[in-house]
Amino acid sequence: MLNFKCIDDLRDFFVKAFPQAKLAEDFTISTEKCPPGMNGDITLNCFRLAKPLKSSPDKIAGAAVEMLNSHEDVAQAEKVKAFVNVTLTAAAIHRSSLGDIDALLNAVVLPETKRKKIVIEYSAPNTNKPQHLGHVRNNTLGMSLAALLARVGHDVKPINLVNDRGIHICKSMLAYQRLGNGITPENSGIKGDHLVGKFYVKYNNLLNEELTELKKAKPELADKSNEDLFLETELGQATQKMLQDWENNDPAVRELWLKMNKWVFAGFDETYRRMGIKFDHTYLESNTYLLGKDLISQGVDNGIFTPRADGAIIAELGKLGEKVVLRSDGTSVYITQDIGTTLKKYEDYQPDEQIWVVGDEQIFHFKVLFAILKKMGYDWADNLFHLAYGMVNLPSGKMKSREGTVVDADDLFENMVELAKKSTLERCGEDIPEDIDERSEIIGMGALKFMLLKFNPKTTMMFDPEASVKFEGDTGPYVQYACARISSIERKAAAQGIKLTDNLDWSLADSEAEKSLSATAFLYPQVLQLAAERKDCSVLVNYLLDLAKAFNRFYRECPVLISENSAAVRDIRLAICHRVRMVLADGLKTLTIGIPKAM
RNA sequence: GCCCCGGUAGCUCAGAGGAUAGAGCACUUGACUUCUAAUCAAGCUGUCACAGGUUCGAAUCCUGUCCGGGGUACCA
């Protein structure tokens with residue numbers, strides 16, 4: 001939507017010119033970028049207006065052309081079928097977009113009445129293994145969405161809910177108990193979460209060995225699944241026992257649990273630090289896992305939940321079927337905890353909205369959760385949102401922890417940063433910058449986050465570790481590079497004593513490249529708001545690529561400091577550079593991506 | 001079986017009813033004594049899965065079919 005002043009004026013003109021239409025207050029018209037090859041900057045589609053204006057597209061276009069051609073901001077308006085292609089004056093374009101850069105950047109922020117307090121939960125790792133690429137996608141989506149929502153004015157509370165207890169946690173504990181030999185992160189130099197992960201893998205190996213032997217000894221069990229046979233194995237029984245001991249507060253088990261979890265948390269802290277993640281609060285499942293149970297019994301008293309013949313407590317949810325909310329032995333299931341934690345989060349924050357960043361395989365689970373909360377009578381249950389994102393696949397297929405086909409988060413970070421460093425060094429030649437490591441970190445991590453955010457969250461995306469992440473084309477470094485080029489111009493200008501000035505004659509920036517760059521910048525607030533509305537950072541990512549592309553074209557065609565520009569032209573172009581950099585920087589920051597001082 | 005999501009260029013993906021369907025990668029070619037070549041310019045590439053329907057107009061909305069993924073637990 002490129003609605004410059006002349007289009008607002010055109011709207012007012014329509015209201016008068018088509019009185020028979022009885023236009024509503026909120027009647028709007030909007031224009032878009034003129035397609036390449038057409039003569040004009042923006043284009044108005046009059047087919048769309050036929051209905052609201054109660055007139056023919058052709059007549060509307062005719063009237064629009066006449067009006068626009070007499071408008072001071074319009075250089076030329078041309079009717080092509082029922083489209084009106086408008087060439088604007090350079091001054092009109094620049095004044096509306098880059099003319100007041102503070103206004104442009106502030107136009108993003110929602111009016112106070114539309115701002116909300118939003119709790120966003122993401123990451124939610126298990127403490128039995130290190131994080132992998134799937135978590136990295138989750139983390140990136142979560143932190144960037146939180147930043148985006150905050151950018152448009154919401155009060156955002158990012159929180160984490162760590163799954164730090166349960167049978168899977170006992171598995172790595174048990175393997176450590178049997179095979180650990182006192183190894184620690186300190187005495188081995190292995191990052192805590194990775195060390196614990198190794199024992200999780202060892203556990204699965206031990207279990208598989210035992211299952212194989214069991215099936216060999218008892219051929220009649222061959223058809224049974226490994227899950228069914230879990231409690232037939234010695235290892236399975238020991239694990240079950242450990243979980244029970246944990247729940248009964250057995251001191252030795254609790255001590256081991258605390259020790260190993262501490263290692264994992266230290267490892268996660270490092271992973272989060274590198275990504276730039278900070279949570280407002282981290283909930284631990286070990287503290288929250290019993291939360292929902294009381295609510296269920298209250299619900300039974302109130303007739304919201306009903307006991308089934310077999311003793312389980314169920315919620316009857318119509319189309320969604322019935323859902324067990326408490327097992328027949330009185331213990332809680334996954335959704336019991338979720339009911340409890342959702343309420344706890346509500347009590348802790350009193351948010352207007354809650355968001356969960358969780359994989360799309362849990363879409364049904366969240367539908368059920370929201371329906372149950374609604375049934376329990378919480379009117380705020382209408383404002384719960386599951387941001388369901390697709391899985392990350394490798395060229396070889398799905399990532400599977402057990403098969404060792406996961407891409408480890410920390411390894412991935414290291415590779416990206418190394419790659420960035422290597423290519424920075426190649427570019428620098430002998431002149432190695434002092435801050436090479438800092439730069440590589442920003443470029444490598446930026447490239448990774450940008451790549452993950454470029455896809456629409458719900459798409460199941462493909463990640464090719466061989467091709468790794470490119471630093472050329474539609475990438476984070478492409479946008480960072482545009483900023484670096486501008487910074488370089490600004491440094492040189494400053495060195496020559498040239499100062500930014502507000503005394504600008506915008507009509508001097510009348511090339512196609514300049515107009516198009518400015519028109520693209522004009523879209524920034526709308527893009528941010530659309531991205532926030534859709535909860536989709538890829539909208540912003542693709543926009544920043546457009547803007548950087550428009551800048552690079554400008555960079556080639558419109559020299560700023562060199563050539564025999566007049567001082568006035570130079571000042572205009574320098575101002576354009578500076579202001580475009582502000583938009584690019586604001587956009588990258590909103591995606592939680594940094595900008596290196598130079599590249 | 002039922003439910004949800006997807007199928008667009010060789011590959012990875014954009015395209016929220018509008019003109020001639022795009023971008024990046026890959027491939028071909030040209031541009032660095034130039035404000036940074038992580039760049040730019042040009043070229044090549046399509047049965048928008050298929051079949052109907054709605055519409056002045058459909059990749060986009062509706063119906064059906066085929067293919068792929070996910071879900072459909074007293075797992076998380």
Side-chain angles (χ1 to χ4, degrees), chain A residues 32 34-38 43 45-48 50 56-57 80-83 85 124 126 163 166-168 227 285 308 310-314 319-321 323-338 358-365 367-368 388 390-391 393 395 398 420 423-424 426-428 443 447 451 454-456 458-464 467 470-482 484-493 496 530 534 538-539 541-542 545-546 548-549 551-553 555-563 570 573-574 577 598-599:
Chain A
E32 282 149 30
C34 212
M38 298 285 181
T43 182
N45 180 347
C46 297
F47 281 109
R48 283 178 181 160
S56 79
V80 182
K81 288 186 263 182
F83 294 91
N85 295 331
N126 296 323
N163 301 298
I167 194 83
H168 53 300
E227 285 73 26
E285 199 189 294
R308 201 165 59 181
D310 58 9
I313 308 294
I314 60 158
K319 266 188 204 166
L320 294 174
K323 174 71 191 170
V324 170
V325 291
L326 211 57
R327 291 195 187 97
S328 46
D329 64 4
T331 58
S332 55
V333 290
Y334 178 42
I335 207 153
T336 321
Q337 296 175 42
D338 260 4
V358 178
D360 61 8
E361 75 276 7
Q362 293 197 35
I363 287 174
F364 185 69
H365 168 80
K367 265 190 193 163
V368 169
M391 297 292 104
N393 288 337
K398 286 186 187 182
S423 86
T424 306
E426 272 169 21
R427 293 161 53 74
C428 295
I443 296 167
M451 184 273 297
K454 192 164 146 11
F455 302 98
N456 176 322
K458 77 175 183 183
T459 161
T460 302
M461 57 165 281
M462 171 83 103
F463 178 81
D464 186 348
K470 294 263 167 52
F471 291 173
E472 283 145 33
D474 282 357
T475 63
Y478 179 88
V479 180
Q480 290 172 327
Y481 186 62
R485 280 179 147 179
I486 296 173
S487 296
S488 176
I489 290 175
E490 293 195 87
R491 271 196 301 272
K492 290 220 158 100
Q496 292 171 33
L530 180 67
R534 288 204 216 167
S538 71
V539 172
V541 165
N542 288 305
L545 286 169
D546 275 351
K549 239 171 255 184
F551 169 76
N552 277 328
R553 204 182 123 205
Y555 182 86
R556 185 178 57 87
E557 291 178 15
C558 305
V560 181
L561 299 177
I562 52 172
S563 87
R570 181 199 65 199
R573 290 184 176 172
L574 190 59
C577 284
M599 288 175 79

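Just so it is clear, the model here is predicted, and its values are computed rather than measured. Chain letters run A, B, ... following the sequence lines, proteins first, then strands; residues in each count from 1.
- A straight line from CG of A:Leu545 to C1' of B:C25 spans 13 Å, rounded to a whole angstrom.
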Nucleotide N/O of nucleotides 72-74 of chain B paired with protein N/O under 3.5 Å:
unit_1	atom_1	unit_2	atom_2	d
B:C74	O3'	A:Arg327	NE	3.3
B:C74	O2	A:Ser328	N	3.1
B:C74	O2	A:Ser328	OG	3.2
B:C74	N3	A:Ser328	OG	2.8
B:C74	N4	A:Asp310	OD1	3.1
B:C74	N4	A:Asp310	OD2	2.2

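- Among the nucleotides B:C35, B:U36, B:C25, the one closest to any side-chain atom of A:Lys470 is B:C25.
- Of the candidates B:A41, B:U36, B:C13, B:A41 carries the atom nearest the A:Arg556 side chain, counting heavy atoms from C-beta on.
- The C1' atoms of B:G6 and B:U12 are separated by 15 Å, rounded to the nearest whole Å.
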Sub-3.5 Å pairs of nitrogen or oxygen atoms, protein against nucleotides 19-23 of chain B:
unit_1	atom_1	unit_2	atom_2	d
B:A19	N6	A:Thr43	OG1	2.1
B:A19	N6	A:Asn85	OD1	3.1
B:A19	N1	A:Asn85	OD1	3.3
B:A23	O2'	A:Asp474	OD2	2.7
B:A23	O2'	A:Lys549	NZ	3.1

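- Taking the six-membered ring for Trp and thresholds of 30 and 60 degrees, A:His365 and A:Tyr334 have nearly parallel ring planes, at less than 30 degrees apart.
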Extract from the structure each pairing of a protein N or O with an N or O of nucleotides 56-63 of chain B at less than 3.5 Å, listing the distance.
none

Quiz item: Under the side-chain contact (heavy atoms from CB on, under 4.5 Å) criterion, do A:Asn393 and A:Thr460 qualify, and how do the steps go?
Solution: CA-CA 7 Å; A:Asn393 288 337; A:Thr460 302; 3.5 Å; yes
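- Proximity of a side-chain donor or acceptor of A:Arg570 to a complementary backbone N or O of A:Val560 within less than 3.5 Å is not detected.
- Contact annotation: A:Tyr478 reaches the phosphate of B:C40 (side-chain N/O to OP1 or OP2, under 4.0 Å).
- Residue whose closest nucleotide on RNA chain B sits further toward the 5' end, between A:Phe455 and A:Asn163: A:Phe455.
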